[in-house]
Amino acid sequence: MTNSRQPVEPFRIKSVEPIRLLSRAERQARITAASYNIFKLEARDCYVDLLTDSGTGAMSTAQWAAIMMGDESYAGADSFRRFETTVKSIFRKKKVIPCHQGRVAENLMFSTILKKGQYVLNNTHFDTTRGNILHKGGVPIDLPCKESFSDQPIPFKGNMDIARLEEFITGHKREEIAMVIVTVTNNSAGGQPVSMANIREVSEICHRYQLPFYFDCARFAENCYFIKQLESGYSQMSIREIAAEMFDLCDGVMMSAKKDGLANIGGFIALNDEQLYGRLAELLVLIEGFPTYGGLAGRDLEALAVGLEEVMNEDYLRYRIGQVAYLGARIKEAGMPIIEPTGGHAVFVDAGKFLPQIPSEQFPGQGLTVAFYLEGGIRVVEIGSLMFGGIDPNTGKKLSVGRELVRMAIPRRVYTNSHMDYVAETAETIVRNKSAVTGFTIVKESQFLRHFTCELAIAQLKPEEAGRKGR
Ligand SMILES: *Cc1c(COP(=O)(O)O)cnc(C)c1O
């Protein structure tokens with residue numbers, strides 16, 4: 001029965017990479033040695049690794065073939081010209097700045113345009129975007145639509161709140177705002193898509209108030225596929241046509257090509273403003289490399305030129321989005337509450353709802369994360385109080401966190417649907433032994449980004465709870 005719902009892979013496998021499931025005793029030993037922090041595990045000790053979809057995808061035969069065509073010349077390489085032609089044709093801008101990943105595009109942009117105290121408006125800033133803006137003395141403002149907090153399966157939960165956007169702009173002087181960004185899909189809001197209608201409204205407002213409008217478009221093809229499926233008027237258009245309509249509405253884009261570039265490294269800025277291009281290119285030479293390679297090898301540029309085309313293939317996107325939806329449906333059937341609808345690149349489990357017996361100070365999301373490793377050798381990641389909680393180093397106040405989530409990000413073209421079934425079966429086992437899932441306390445932590453390096457210990461149950469359990 002489940003077979004009929006599985007999105008059939010539109011590829012066959014030519015090269016395989018062995019993975020091995022450690023025994024339960026070995027998994028127990030590894031996670032204890034890692035002080036219950038999955039960032040400290042060795043990748044080889046993870047059977048199915050759903051830590052991130054960034055840079056973890058599999059390349060195609062055409063990409064590997066293109067790699068052999070890499071022109072490694074310092075200046076004016078053919079590989080750059082092929083990359084540039086592809087980027088210009090999809091993103092429809094005059095100038096292209098290559099760089100080695102998305103956060104460098106952000107660093108270049110904000111180092112160049114941001115003045116101290118200026119605001120940057122976004123549907124939701126991704127964490128490196130937020131970090132780069134703060135680092136340059138700017139103020140990132142998130143304006144997600146109200147629906148993004150709803151428990152209902154509403155489409156386009158990634159949208160920007162148009163009323164708040166206009167209110168913010170009219171409440172400030174033009175020179176107080178550096179730019180407006182729409183992140184597609186909205187990564188920090190669960191990989192939820194943004195509708196063309198919403199993008200058009202943002203674009204109109206930006207042009208009315210003469211504000212630069214950029215995309216953070218790491219997952220542009222996934223977003224276009226959702227528009228095609230869910231928004232009226234787009235079902236007959238190709239992904240390339242939808243992308244063209246979308247990018248014609250903006251002044252430029254910043255992209256981490258480690259996602260929808262279908263490559264393991266890469267990023268770029270594309271824009272029309274020639275004067276700004278000149279300033280960005282000057283900084284590029286200082287921090288990344290000459291403007292025709294920008295910190296990438298010629299072979300990387302070749303892989304990207306092919307990957308950016310392949311990612312718009314609809315058979316691929318149907319399988320890709322279908323695989324995320326399939327895993328989400330099976331996790332929900334297993335008895336774990338998830339964020340609905342599922343977005344473009346990951347399934348988010350609501351660990352707070354699933355484990356009401358674990359208070360947020362004891363990190364229910366981390367409890368579930370450790371359970372997935374112990375039960376199945378599966379690496380997932382907590383996105384909740386462990387990642388975003390703690391004390392704000394600037395204000396000394398306790399940081400507030402929305403939901404206690406666990407993210408299962410799916411690498412592109414890497415795992416088969418039977419791996420997804422295996423993850424779902426592991427979820428069923430965890431549901432059956434739900435009372436065995438424990439909370440955690442932090443033993444050692446750093447001031448910034450503590451989740452990467454902290455050490456944890458199993459939280460002791462409060463005495464009255466221990467008593468109840470014993471009966
Ligand atoms: C991954 C990502 C980035 C940062 O890109 P890196 O390649 O990891 O440096 C920026 N924005 C979004 C939306 C992303 O998903």
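Both counts, for ligands and for their atoms, begin at 1 and track the order of listing.
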**Message:** Do His100 and Glu288 pair up side chain to side chain, a donor and an acceptor below 3.5 Å, judged on atom types alone?
**Reply:**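 The answer is yes; a qualifying pair exists.
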Check: Going from CZ on Arg130 to CD1 on Ile141, what distance comes out if it is rounded to the nearest 0.5 angstrom?
Finding: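 Arg130 CZ to Ile141 CD1: 9.0 Å, rounded to 0.5 Å.
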So how far is it from Glu241 CD to Met312 CE, rounded to the nearest 0.5 Å?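 Result: 11.0 Å between the selected atoms.
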Problem set entry | Lys/Arg-Asp/Glu bridge criterion (N-O < 4.0 Å) met for Asp151, Arg403 |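 Between Arg403 and Asp151 there is a salt bridge, with a charged N closer than 4.0 Å to a carboxylate O.
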> Between Phe247 and Phe215, how do the two ring planes meet: parallel, tilted or perpendicular, split at 30° and 60°?
Replying inline: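 Rings of Phe247 and Phe215: perpendicular, as their planes differ by over 60°.
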Requested in this report: Return the protein residues near ligand 1 (heavy atom under 4.0 Å from any of its atoms), ordered by chain and residue number.
Outcome: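 Answer by chain and number: Gln101, Gly102, Arg103, Glu106, Phe126, Thr128, Thr183, Asn187, Asp216, Ala218, Arg219, Ser256, Lys258, Lys259.
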**Study point:** Check: Phe11 ring centre within less than 6.0 Å of Tyr319 ring centre
**Key:**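 Yes - the distance between ring centres of Phe11 and Tyr319 falls below the 6.0 Å cut-off.
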